[in-house]
Structures are given as C-alpha cells and as structure tokens.
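Have a look at the structure below, then the notes.
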Amino acid sequence: MAPTSCSLCRDAKAILKRPKTGQQICKDCFFFVFETEVHHTITESELFKPGDRVAIGASGGKDSTVLAYVMKTLNERYKYGLDLFLLSIDEGITGYRDDSLETVKRNQQQYDMPLKILSYNELYGWTMDAIVEQIGKKNNCTFCGVFRRQALDRGAASLHVDHIVTGHNADDIAETVLMNIMRGDIARLGRCTLICTQGEDTIKRSKPFKYAYEKEIVMYAYFKKLDYFSTECIYSPDAYRGHARTFLKDLEAARPSAIIDIIHSGEAFEVKEEIKAAQKAQQTCKRCGYMSSNDLCKACTLLEGLERGMASSVITDRARKKMDAIGPAPDNIRTIPLFRSTPTIAVELPSQS
Ligand code: SF4
Ligand code: ZN
Ligand code: ZN
C-alpha cells in the first residue's frame, strides 16, 4: 500500500494522526499547526504587549518544557518583544522535584533563559517532605497547591515580571470544569475557563495552552526530542481529579472534540449575580500582605496549623475557628515574609558557551 501523503502539505509522507482532528499529517506540518494554534490563542486574547517581562512557570515536566520551547520560538518568529524567564518552585520532594529541577537547569542552558528557583523551605520554612511527615498523605495536595500559588507570585515579583504563563492544557481545564460541576461549585466555573486571570494585587497569569491537547503536547515533545522529566509526584495526587481525568479520557476516545466542547460548556455558564455577590471580597492578609478573602491568607492559615502541630484541622473555616478557640497564634511561630518586601533575589544567568 502506498504511504499516505500529508493532508496539509500533500507533499511529505504522513507519519502521525493528529489527536485533535484525526488528520494524517507529516511532522513539519504538525509542528507548524501546533505552534500556529498557540500563536492564535495568544494574539486573539491579546495576552502580551511588546516589552513585557514574562515568567514561564517551569517544573521540568512536559507541559512547561514544551511551553518554554514554543514561547521562545513564537517570540522570535512573530517578534512579540518579550523578555522571557523560567520560574521554578521547589516544593522539597526528595526523589521527584530535585530530579525535575535538574531538567529545568538544563532547559535554562538549552533555551538560554534566566532561571529563578524559589523553594517552600526558603519561603515557608517547610518542605513538602516535612509536611507529609506531619500530616500524612491525605491533604498534602491542598497544602502544596496553596503554597505553590503564593510562591509563584512571590517568585515573579522578585523577577519584576508583568506576567506568569503556565503550562495548563485543554485537558487540565476540561478536568477542572468537570470537577467544579461534580462539586456543584458553579461560581468557580467561570474563573477556571478564563485564559487570563488577575487579582487586584497579584501578577497576571495566563494559559497559552488553553486549547492545546495533552496528547499533542506529548507528541510535540517527543518529535522535537525535548528534554523533559516524566515521573509523577511520589505523593498521591488528588484522587477526585483522577476520576475526572479517567472520565475525560473515555470521552475523548469516543469523540476527540469532547475536551474543547467541555471547555466551551464551562465558558457558557452564566454565574447568577447573587452567587457572585456571595463570593468574598478580596483584602490583604494581615500577617503577610498577600491577597486574601479573610483576615489571614490560606498560606498563613496552613502554615500556622503546621507550626502549631494542628495542620490537618485547618483546611476549612470551621476548623480554623476551632484553632482560634484554643488561643491566638504563639509569637514564636514561623511566618511568611511580607509580600513584595522581599529583596530582589539574584537571577542565575545562563553561562555563555
Ligand atoms: Fe504537590 Fe500534590 Fe502535585 Fe505532589 S501531586 S507536586 S504533593 S500538588
Ligand atoms: Zn505536511
Ligand atoms: Zn498571609
């Protein structure tokens, strides 16, 4: 049987079936359509302006490695005029993050971008290893997610960047839509499908891979032979998300457009004014100055729980009240430095070779 020719250029031999569309295409056309779709996502949403300093949240995993590579390529090809940085958070997970950070350090050399690494230990005085030792493996991802969010903002502030881009892809967003529906958390639906978010006092964040399928990101990394780290975190990821993921993969197998359709469904939900009104107004944390919807931000609350040896009971408002009832926080507990008052930390520049 004669080899199938590429359905886009009609010239080269088709060597892959595009997961998003089912088209049989050649490698070069795949690279081009993948990059061009990301470029369109960026330009249609007007994510950047010339001169922006942009930090790429880099974990060494496939999504952020492909994001760094594609951002560099598009910045050069379309002359976005961006200053790109790599920003990594070291959660302190032995045998996982220490290895993946080695990949980021190699990416720094390969992509010739400045790299900043900020650790939980430096910021909170706790590593995830120490947290899991205290609280076990049940709520570890809650701590990790809250701490990462704030660490990224603080790392970005120290780099003086205008914008953080993350490697969240279409599958991640569709999963979050499903999870919010399954939890009845309709108020969050609108926010989780936004390509770009910005709190009053936080740095703009966006997801240039909002419409990029995970399978295509893996394919891109594979055919480009990118250097990435593929091991999963040693602490069990969110089990509920796992159910949403399995369900989504089943839907995708039956109909590949399901992923984009779910994102569009999330976008189409209209949140009633009274639900919006019920969401708490933002203020600044009284202890660390980070934005918060309560007196204390989530990270300060969780940190206080850890310091007082009551960490597993400070996830909910009710549990927080229980901790307050025992008494005020002792003066000698570790706290997070005041937001934006941290001195600018030197950025490691790639060595010239
Ligand atoms: Fe952190 Fe959980 Fe992700 Fe591991 S799986 S890096 S503990 S959020
Ligand atoms: Zn082709
Ligand atoms: Zn705080």
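Order of listing sets the numbers, starting from 1, for every ligand and every atom in it. Because the structure is predicted, anything quoted here is derived from the model rather than measured.
Under the rule for a side-chain contact (heavy atoms from CB on, under 4.5 Å), the partners of Asp52 that lie at least two apart in sequence or sit in another chain are Phe48, Lys49, Val54, Leu82, Asp162. With sequence neighbours left out, the side-chain contact (heavy atoms from CB on, under 4.5 Å) criterion links Lys138 to no other residue. For Ser7, there are no side-chain hydrogen bond (donor to acceptor under 3.5 Å, both in side chains) partners at least two apart in sequence or on another chain.
One hydrophobic cluster, built from ILVMFWY side chains closer than 4.5 Å, holds both Phe31 and Tyr222.
Taking 2.8 Å as the limit, the number of protein N, O or S atoms around the Zn ion (ligand 2) is 4.
Heavy-atom contacts of Cys233 reach the following atoms of ligand 1: 4 (Fe), 5 (S), 6 (S), 7 (S) (cutoff under 4.0 Å). Remark: ligand 1 atoms within the under-4.0 Å shell around heavy atoms of Asn140 are 7 (S). Near Arg148, with a cut-off below 4.0 Å to any heavy atom, the atoms of ligand 1 are 1 (Fe), 3 (Fe), 6 (S), 8 (S). Atoms of ligand 1 found under 4.0 Å from any heavy atom of Tyr235 (numbered from 1 in listed order, with element): 5 (S).
Within the structure, ligand 1 lacks Arg97 among the residues with a heavy atom less than 4.0 angstrom away.
Taking the ring centre of Phe85 as origin, the terminal cationic atom of Lys116 falls outside the region bounded by 6.0 Å and 45° from the ring axis.
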Margin query: Apply ring pair (Phe, Tyr, Trp, His ring centres under 6.0 Å) to residues His39 and Tyr80 and explain how you reach the verdict.
Written below: CA-CA 10 Å; His39 171 61; Tyr80 291 165; 5.7 Å; yes

Item checked: Residue pair Asp172, Arg245: steps toward the salt bridge (charged side-chain N to carboxylate O under 4.0 Å, His left out) verdict -> CA-CA 8 Å; Asp172 297 326; Arg245 172 161 299 197; 3.8 Å; yes

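With a heavy-atom cut-off of 4.0 Å, Glu232 does not touch ligand 1 at all.
Counted by atom type alone, Asp153 and Tyr290 present one or more donor-acceptor pairs between their side chains at under 3.5 Å.
Note on Lys20 versus Glu216: no salt bridge recorded, every NZ/NE/NH1/NH2 to OD/OE distance being 4.0 Å or above.
Taking backbone and side chain together, Cys144 holds no N, O or S atom under 2.8 Å from atom 4 (Fe) of ligand 1.
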